[in-house]
Structure formats: structure tokens, C-alpha cells
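Worksheet for the structure shown next.
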Amino acid sequence: MTRLAQTEGLTDIQREILSTVRDFVDKEILPVATELEHRDEYPSQIVEGLKELGVFGLMIPEEYGGLGESLLTYALTVEEIARGWMSVSGIINTHFIVAYMLKQHGTQEQKDYFLPKMAAGEIRGAFSMSEPALGSDVSAISSKGVRDGDDYVLNGQKMWLTNGASSTLVAVLCRTDEGHPEGTAPHKSMTTFLVEKEAGFGEVRPGLTIPGKIDKMGYKGVDTTELIMDGLRIPADRVLGGETGRGFYHMMDGVEVGRVNVAARGCGVAQRAFELGVSYAQQRHTFGKPIAQHQAIQFKLAEMATKVEAAHAMMVNAARKKDSGQRNDLEAGMAKYLASEYCKEVVEDAFRIHGGYGFSKEYEIERLYREAPMLLIGEGTAEIQKMIIGRRLLEEYRIQG
């Protein structure tokens with residue numbers, strides 16, 4: 001089942017990494033994913049296996065103990081992992097975003113302190129931008145950081161924090177008015193704080209509480225939480241990059257990486273749904289022959305496979321554009337939008353092929369059917385992606401004169 005979603009021009013090292021990860025997925029994730037998902041159980045053993053493979057340091061430079069690989073390698077790795085269980089890819093996604101933000105924007109002291117521990121999986125990252133009342137409107141952030149001597153005091157409530165309990169480092173976006181006069185554009189008065197904490201629920205450091213795990217329709221196993229700051233004191237040297245007012249740009253740079261990740265997850269889930277659908281269609285018989293021999297089912301399989309290929313190609317293009325050092329918000333937005341929408345459609349078609357059995361929790365497609373909707377909203381809804389795409393297209397095709 002490896003004909004679809006092939007990537008041309010990979011190095012021997014990239015192919016070896018992906019082969020190793022795919023073997024791990026087939027042996028260690030797929031056999032247990034549905035059982036763990038139904039129990040909403042954190043996949044501790046799987047995470048330890050990924051740490052041993054070096055996956056947590058995949059994009060961290062070699063000088064800090066990582067593998068120094070590209071965003072493309074990371075995206076293709078995520079695609080393989082999501083094919084096994086999307087929740088596991090979520091566990092590494094926010095970790096990678098924080099590591100990427102540190103690599104790109106951190107002070108030398110911050111890089112030296114955090115990145116080696118993150119490469120080894122000793123420190124696990126999460127990032128926190130959303131709040132209960134704002135959704136995709138980042139400019140409406142109300143969490144605030146106020147300077148107090150050598151510290152900042154943080155207050156506010158954050159929402160939809162992936163790895164909220166299991167992480168030990170959270171990149172938190174807050175409003176900071178220091179040095180920014182009244183009337184300053186909202187995105188120029190935001191700062192990213194590097195907040196270290198203990199793993200777990202409850203008060204994980206003075207002034208910081210992780211209330212509990214949010215019960216979700218799908219995307220189970222991985223912990224999704226709120227984060228409440230009430231007088232949380234953070235040393236000034238834990239401002240990302242050492243400069244206030246740059247947080248919005250830091251987060252948007254990280255979100256571009258995150259959107260490639262979500263596109264890769266959509267590709268992986270869609271691939272798995274196609275595998276399940278094409279396999280079941282050859283085993284299930286109606287009217288004296290396998291349903292795969294009915295034209296209606298062949299049409300579905302053809303559409304599903306075409307969508308898998310198209311989404312994969314756009315995801316690879318977005319990753320390669322970012323790796324080249326070029327702006328990729330257009331490509332990342334397109335890839336995230338297409339891959340998440342196609343994933344939903346491919347999963348639904350595989351569900352339809354399964355007929356009544358697709359509604360049974362005994363069949364893997366039931367899990368995928370509940371997981372796919374998260375990709376429609378994660379890292380920005382389809383509507384947000386279309387706004388980004390539309391604005392960028394108007395920039396590129398602006399009429400002169």
C-alpha cells in the first residue's frame with residue numbers, strides 16, 4: 001500500500017528516516033491506536049519509542065543535539081505518524097513549533113539552555129495563543145504581562161492548549177503595553193513568554209494552573225487543556241528573543257510550520273482511510289462479487305486516491321518553500337486548506353464503503369471519522385485560510401497604475 005503519496009528527490013538519509021518511522025508506525029502504533037483512543041489514554045510507551053528514535057530532535061540543529069533535518073523531513077515524518085494515529089502527531093507538533101521558534105528567534109542563552117533538552121525529549125514543548133473568547137481573532141488577546149522589576153507578572157486564561165499537561169515548556173502569547181504607546185496596533189504590543197512548568201494537572205507552578213483535560217469528540221489520548229495564569233511571575237530573560245512586542249511575528253512564523261504539519265496530518269489520515277477503504281472493498285461481497293468490482297465503488301476509490309495525491313503534493317510544496325527560506329504563507333494556507341478538506345472527504349468515502357460496519361467501534365474507520373474534523377479547525381479554520389490565500393493572491397496579482 002505504498003504506491004500513493006511518493007516524494008521525489010529525497011536523500012538517502014531522508015528515505016532511511018521515513019522507512020524507520022513507517023516501520024515503527026506499523027509495529028508500535030497501528031496495533032494499539034484504536035484501543036488507546038477509545039480509553040482516551042496518553043500513549044506513553046509510543047512517546048518513549050519516538051524519543052529513542054530521535055524524533056523530538058528531528059529539526060533541531062546538530063550543534064544542540066538534534067538531527068538538523070528539514071521541514072520537509074519533519075512533514076513527511078508527521079504524515080507517517082498520523083497515518084498510524086493522528087493524536088501522536090499532535091504530541092510532537094507543538095513541541096516542534098516551540099523548538100522552531102526558539103531556533104529562529106531565541107537569544108543564544110535561550111537556545112543553549114532549551115534546545116539540547118528538547119532534542120532529547122527531556123523538555124517537551126507546547127504553545128498557547130488561543131483564548132476562550134477570541135477564536136481566530138489573535139488581535140483580541142486579553143492575557144497580559146506587566147513588568148515588575150526583573151520579572152513580568154502574567155494574568156489571563158488560555159484555551160485549546162495541546163500537550164497542556166504533559167509539556168514542561170509553554171510558549172505563551174500575551175499583551176504587553178510596555179514601550180508601546182496607546183493606539184499602537186494590537187499585533188505590535190504582543191510578547192511571547194517561555195514558561196517552564198511541571199508536567200501534570202492542577203497548580204504546576206505558583207500562579208499557573210492546568211485545570212484538567214478537555215473531553216473531545218476525537219483527537220483523544222493527547223491532552224488538550226486550558227491554562228490559567230494568576231499572578232504568574234516570569235523572569236525577563238524568558239521573553240522569547242529578549243525583546244517585547246515581537247510575539248505576534250514569532251507566533252505567526254511558528255503557525256506557518258504548524259499549518260504544514262496539519263496538512264501533513266491530513267495527508268496521513270487520508271492515506272490510512274484510503275488503505276482501509278480499498279482493502280475492505282476487496283473483502284466485502286454483495287450481489288455475488290466483491291464490492292470493489294462495482295463501478296460506484298471504483299469511482300469512489302478513484303476520487304479518494306486522487307485527493308490523497310493532490311494533498312500530498314501541495315503539502316510537500318509548502319514544506320520545500322519554507323525550507324528554501326522564502327515566504328510560504330500562501331502555500332501553507334493552500335496546503336492546510338486542501339489537505340484538511342480532502343481528508344474529511346476521503347475519510348467519509350471510506351466510511352461509506354464500510355457501510356453499517358463503519359458505524360461500529362470495532363472498525364478503525366470509526367476512529368478516523370471522529371478525528372478528521374479537528375483538522376478543519378486546527379491552526380486556523382478553512383475560512384481563515386481562504387482569507388490568507390485571497391489577500392496574498394491580491395498582493396501577487398495587484399494591478400499596476
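Residue numbers count from 1 along this sequence.
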Is there a side-chain contact between [X] and [Y] in this structure, where contact means two heavy atoms from C-beta onward sitting under 4.5 Å apart?
{"X": "Glu203", "Y": "Ile210", "value": "no"}
{"X": "Val316", "Y": "Leu76", "value": "yes"}
{"X": "Leu194", "Y": "Leu102", "value": "yes"}
{"X": "Arg320", "Y": "Ser70", "value": "no"}
{"X": "Leu10", "Y": "Leu72", "value": "yes"}
{"X": "Asp349", "Y": "Val347", "value": "no"}
{"X": "Phe24", "Y": "Leu50", "value": "yes"}
{"X": "Thr192", "Y": "His105", "value": "no"}

From [atom1] ([X]) to [atom2] ([Y]), nearest 0.5 Å:
{"X": "Phe127", "Y": "Ile97", "atom1": "CZ", "atom2": "CD1", "result": "4.0 Å"}
{"X": "Asn261", "Y": "Asn93", "atom1": "CG", "atom2": "CG", "result": "3.0 Å"}
{"X": "Ser167", "Y": "Leu161", "atom1": "OG", "atom2": "CG", "result": "6.0 Å"}
{"X": "Glu80", "Y": "Arg22", "atom1": "CD", "atom2": "CZ", "result": "4.5 Å"}
{"X": "Ile384", "Y": "Lys336", "atom1": "CD1", "atom2": "NZ", "result": "10.0 Å"}
{"X": "Thr73", "Y": "Gln14", "atom1": "OG1", "atom2": "CD", "result": "3.5 Å"}

Is [X] salt-bridged to [Y], cutoff N-O under 4.0 Å?
{"X": "Glu366", "Y": "Arg370", "answer": "yes"}
{"X": "Asp12", "Y": "Arg15", "answer": "yes"}
{"X": "Lys322", "Y": "Asp329", "answer": "no"}
{"X": "Glu256", "Y": "Arg327", "answer": "no"}
{"X": "Arg367", "Y": "Glu37", "answer": "no"}
{"X": "Glu379", "Y": "Arg259", "answer": "no"}
{"X": "Asp223", "Y": "Lys213", "answer": "no"}
{"X": "Glu303", "Y": "Lys307", "answer": "no"}
{"X": "Arg39", "Y": "Glu35", "answer": "yes"}
{"X": "Glu275", "Y": "Arg272", "answer": "yes"}

Worksheet entry | By ring pair (Phe, Tyr, Trp, His ring centres under 6.0 Å) - contacts of Tyr42 (at least two apart) |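 Tyr42 satisfies ring pair (Phe, Tyr, Trp, His ring centres under 6.0 Å) with no residue once adjacent residues are dropped.
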Worksheet entry | Under the ring pair (Phe, Tyr, Trp, His ring centres under 6.0 Å) test, residues paired with His312 that sit two or more places apart |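 His312: no ring pair (Phe, Tyr, Trp, His ring centres under 6.0 Å) contacts found.
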Less than 3.5 Å apart, any donor N or O on the side chain of [X] or [Y] sitting next to an acceptor on the other?
{"X": "Ser360", "Y": "Glu362", "answer": "no"}
{"X": "Tyr74", "Y": "Asp323", "answer": "no"}
{"X": "Gln385", "Y": "Thr381", "answer": "no"}
{"X": "Thr176", "Y": "Thr191", "answer": "yes"}
{"X": "Ser143", "Y": "Glu131", "answer": "yes"}
{"X": "Asn163", "Y": "His95", "answer": "no"}
{"X": "Glu371", "Y": "Trp85", "answer": "yes"}

I'd like a table of donor-acceptor pairs (distance under 3.5 Å, sequence neighbours excluded) in which one partner is a side-chain atom from residues 214-222, with atom names and distances.
| unit_1 | atom_1 | unit_2 | atom_2 | d |
| --- | --- | --- | --- | --- |
| Asp215 | OD1 | Lys220 | NZ | 3.2 |
| Lys216 | NZ | Tyr219 | O | 3.0 |
| Lys216 | NZ | Val222 | O | 3.1 |
| Lys216 | NZ | Thr224 | OG1 | 2.9 |
| Tyr219 | OH | Arg265 | NH1 | 3.0 |
| Lys220 | NZ | Lys216 | O | 2.5 |

How far apart are the closest heavy atoms of [X] and [Y], and which atoms are they?
{"X": "Val260", "Y": "Ala318", "value": "CG2-CB, 4.1 Å"}
{"X": "Gln110", "Y": "Gly241", "value": "OE1-N, 3.2 Å"}
{"X": "Gly358", "Y": "Ile365", "value": "CA-CG2, 3.7 Å"}

Give a yes or no on whether [X] atom [atom1] has more than 12 heavy-atom contacts from other residues, nucleotides or ligands under 6.0 Å away.
{"X": "Leu393", "atom1": "CG", "result": "yes"}
{"X": "Arg205", "atom1": "CZ", "result": "yes"}
{"X": "Gln45", "atom1": "CD", "result": "no"}

Against the six-membered ring of [Y], is [X] placed for a cation-pi contact (under 6.0 Å from the centre, within 45° of the normal)?
{"X": "Arg284", "Y": "Tyr280", "answer": "no"}
{"X": "Lys51", "Y": "Phe56", "answer": "no"}
{"X": "Arg238", "Y": "Tyr113", "answer": "yes"}
{"X": "Lys111", "Y": "Phe114", "answer": "no"}

Practice prompt. Show the numbers, then the answer: is there a salt bridge (Lys or Arg N to Asp or Glu O under 4.0 Å) between Glu396 and Arg392?
Written response: CA-CA 6 Å; Glu396 295 288 340; Arg392 286 287 287 115; 3.2 Å; yes
Practice prompt. Would you check, one step at a time, whether the test side chain to side chain contact (heavy atoms under 4.5 Å, CB included) holds for Leu330 with Ile388?
Written response: CA-CA 7 Å; Leu330 175 63; Ile388 293 168; over 6 Å; no
Worksheet entry | Audit row: Lys144, Leu154, side chain to side chain contact (heavy atoms under 4.5 Å, CB included) steps and yes/no | CA-CA 6 Å; Lys144 195 164 186 177; Leu154 275 53; over 6 Å; no
Discussion item. Determine whether Gln283 and Ser279 satisfy the following criterion, side chain to side chain donor-acceptor pair (under 3.5 Å), listing intermediate values before the conclusion.
Written reply: CA-CA 7 Å; Gln283 299 173 47; Ser279 175; 2.8 Å; yes
Worksheet item: Is there a side chain to side chain contact (heavy atoms under 4.5 Å, CB included) between Leu276 and Leu368 once you walk through the steps?
Response: CA-CA 10 Å; Leu276 294 172; Leu368 270 58; 4.1 Å; yes
Worksheet entry | Residue pairs, two or more places apart or on separate chains, that pass ring-ring contact (aromatic ring centres under 6.0 Å, His included) and touch residues 189-212 |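 For residues 189-212: Tyr152-Phe193.
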Practice prompt. Output every pair passing side-chain hydrogen bond (donor to acceptor under 3.5 Å, both in side chains) with a member in residues 55-68, not counting sequence neighbours, ordered by first then second residue.
Written response: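 Qualifying pairs: Tyr64-Gln108.
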Practice prompt. Kindly assign one of parallel, tilted or perpendicular to the pair Phe351 and Phe359, based on the angle between their ring planes and the thresholds 30° and 60°.
Written response: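 Correct class here is perpendicular.
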Scan the side chains in residues 289-299 for donor-acceptor partners under 3.5 Å anywhere in the protein, sequence neighbours excluded, and list what turns up.
| unit_1 | atom_1 | unit_2 | atom_2 | d |
| --- | --- | --- | --- | --- |
| His294 | NE2 | Thr286 | O | 3.4 |
| His294 | NE2 | Thr286 | OG1 | 3.1 |
| Gln298 | NE2 | Ala292 | O | 3.1 |

